[in-house]
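Residue numbering restarts at 1 for every chain, and letters A, B, ... go by the order of the sequence lines. All heavy atoms count here, side chains included; hydrogens, waters and symmetry mates do not.
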Amino acid sequence: MNLLQVRDLSFSYGRKQVFSQVALDIAPGELFCLVGPNGCGKSTLLHCILGHFKPQSGSVLIQGQPLSSYSPRELAAQLAYVPQTHSRSFPYRTLDVVAMGQTRSRSGMLSGREQEHGALAIMEELGIAHLAQEPYTTLSGGELQMVMLARALYQDSALLVLDEPAAHLDIRRTQHILNLLLDVSRRRGTAILMSTHDFNHPLQFQDGGAQVKMALMEGGALSMGGAPVDLLTSGYLEKMYQINSQLVQVQGRHFLAAWSQ
Amino acid sequence: MTPVYGRKWAAAILVLAAVLLISMGVGRYPLTPAEIILSIAQQVSGHSFGMGTDAVSIVMDNRLPRTLSGALVGAALAASGCAFQGLFQNPLVSQGVLGVSSGAGFGAALSILLFSGTTFAPEFAFVFGLAAVWLSFMVARMCGEVTALMLVLGGTIVSSIFSALLSFLKYVADPTNELASIVFWNMGSLASIDSSVIPVAYAAMLVGMLLLLFSASWINVLSMGDQEAFSMGLNVKRARLIVVSGATLATAGAVSIAGTIGWVGLIIPHMARFLVKSDNRRLIPYSMLMGASFLILIDTLCRTLTGAEIPLGIMTSLIGGSFFIYLLRRYKGGGWK
């Protein structure tokens with residue numbers, strides 16, 4: 001059974017239709033990349049899947065059950081969210097922010113040492129353990145993104161939803177985060193749904209040996225998903241972005257080169 | 001808990017104990033800490049510890065209720081200030097943000113006009129304080145989903161309506177007596193606490209503070225924003241309702257016996273942040289200790305500095321404001337880095 005099943009999903013802000021009749025499936029352990037131009041509705045679709053926005057019609061099924069049948073706590077065991085931007089208000093200790101990932105397992109009283117240890121273990125895994133005692137308001141944008149990822153990973157859900165996770169990252173951190181996501185899907189069997197502007201991200205996942213699907217969103221519709229290498233050699237991009245592109249291989253890895261017509 | 005935090009907690013508790021005893025000791029009939037403790041022991045146990053009836057009566061009927069009320073009011077205002085700041089992700093809001101203070105102020109003024117005196121002011125203040133917050137919720141819900149932003153907007157609207165109504169009542173009030181009562185009540189005071197309303201006010205403050213202590217970790221999560229909080233597994237609507245109820249009960253209880261006292265709910269959480277940082281699980285209880293000490297101290301100054309009582313609201317702002325400037329200078333905005 002598919003982990004996530006979206007059918008006939010339509011959403012509009014007032015009279016402005018963002019997307020309609022969207023369908024997508026994600027299997028357990030699968031990596032799914034959502035690509036599309038700015039403002040095409042990628043983030044809105046993610047918010048609908050996460051239950052933040054209410055779609056006008058259609059259904060979102062998680063493990064075969066409708067989204068609305070889950071309590072927030074049950075839903076958090078299925079979906080974790082890494083936002084594109086996070087607004088920081090109070091200087092919480094970074095370790096405490098990561099520990100909030102286990103909100104779903106807490107009764108609301110004081111968290112124990114166990115939670116701190118678990119959060120610290122994840123931070124070590126991501127190579128950000130040295131930030132644990134810092135106030136998280138002093139972190140750089142890239143460091144904050146890693147902290148948000150650590151918090152979501154600590155939530156230990158079946159599907160990780162990331163909205164342009166590499167948007168604020170330099171090239172080294174981008175590589176780091178992509179490899180981490182590959183590693184997470186491989187070792188934990190966590191499924192990943194992420195939006196991105198960069199076609200090289202899905203290509204890198206595929207070259208990394210993961211089970212990857214990519215789907216393009218444009219003009220309020222989502223194309224059928226497929227393997228990135230197949231989609232990007234089909235002349236599909238020329239139609240969608242009106243640009244020339246060619247898939248090139250360097251040391252056995254795929255990259256997309258693009259130039260304007 | 002690290003030793004540094006341990007020392008800070010011990011210091012806050014010792015300060016509160018010292019302030020309690022000093023406050024009960026000073027006045028026209030000075031008492032030593034030993035005399036105060038013996039008087040209380042004598043009253044509670046029934047055995048004689050050699051204290052005269054006048055000393056026991058001053059402690060039990062006058063100083064103890066006033067000091068205890070000060071402690072509770074200070075703790076309640078500080079705790080609800082923390083809660084609202086976390087809930088609205090805004091360090092500049094205080095317990096008045098959803099209209100509880102202006103609602104209570106209007107309620108008290110209305111009762112003063114209706115009954116030509118302050119007899120029913122606490123009851124009216126309590127009911128109208130709660131009503132104002134309920135109205136803020138209704139306004140927010142009218143616009144669709146209740147978000148933190150819509151709540152602040154609702155609170156701002158309701159506050160300004162009640163402020164306008166209060167101004168209207170002042171305008172029509174009899175300037176020889178009613179107007180003075182309204183103005184004095186709105187400046188806050190612990191001087192004339194009506195013992196008949198103490199049980200309800202104390203219960204409201206205690207229940208409110210317990211709710212806030214219980215929901216402190218939810219406030220942390222809520223301050224990450226509604227969407228992130230929801231995706232971390234928090235029932236955002238329920239958690240927010242519990243936090244708002246706790247903060248509103250605590251504030252309404254405090255305002256009903258002490259009048260509107262500004263500044264405590266804003267400044268005490270900031271002072272506490274300098275010492276124990278932002279985690280609400282530490283911040284709320286620590287703010288309660290500091291708020292209690294602060295209000296008792298200010299009230300003691302109010303009743304001893306001059307022959308006549310100085311209204312509490314004036315002193316909290318004067319002393320609190322100056323002390324806050326000193327703290328900002330001393331720590332160079334330290335709690336925020």
*So which part of B/N90 gets closer than 4.5 Å to some heavy atom of chain A, the side chain, the backbone, both or neither?*
backbone
*What distance do A/M100 atom CE and B/M224 atom CE have between them, rounded to the nearest 0.5 Å?*
4.0 Å
*Could you have a look at B/L283, B/V236, B/N235 and say which one has the most heavy-atom pairs with chain A under 4.5 angstrom?*
B/N235
*Supply the atom-to-atom distance A/L46 CG to B/Q227 CD, rounded to the nearest 0.5 angstrom.*
11.0 Å
*Mind checking the CG-CZ spacing from A/L75 to B/F230? Nearest 0.5 Å is all I need.*
5.0 Å
*For chain B, which of A/H47, A/K54, A/R151 has the most heavy-atom pairs under 4.5 Å?*
A/R151
*Who wins among A/A152, A/S87, A/P83 for the most heavy-atom pairs under 4.5 Å with chain B?*
A/P83
*Heavy-atom donor-acceptor pair, A/Q155 side chain to B/S231 backbone, under 3.5 Å*: yes
*Flag yes if more than 12 heavy atoms outside A/R7 fall under 6.0 Å of its CZ atom; otherwise flag no.*
yes
*Side chain, backbone, both or neither: which part of A/Y154 has a heavy atom under 4.5 Å from chain B?*
neither
_Heavy-atom pair of closest approach, residues B/S223 and A/S89_ = O-OG, 3.5 Å
*CZ (A/R188) with more than 12 external heavy atoms under 6.0 Å*: yes
*Look up atom CZ in A/R73 and atom CG in B/L234, then write down how far apart they are to the nearest 0.5 Å.*
9.0 Å
_Looking at chain B, which one of A/A76, A/S157, A/S71, A/P72 has the largest number of heavy-atom pairs inside 4.5 Å, strictly under?_
A/P72
*asked:* Minimum heavy-atom separation for B/E228 and A/T85, please, with both atom names.
replied: OE2-O, 4.3 Å
*Please name the pair of heavy atoms, one in A/Y92 and one in B/I219, separated by the smallest distance, quoted to 0.1 Å.*
OH-O, 4.4 Å
_CD on B/Q89 to CZ on A/R88, rounded to 0.5 Å_ = 14.0 Å
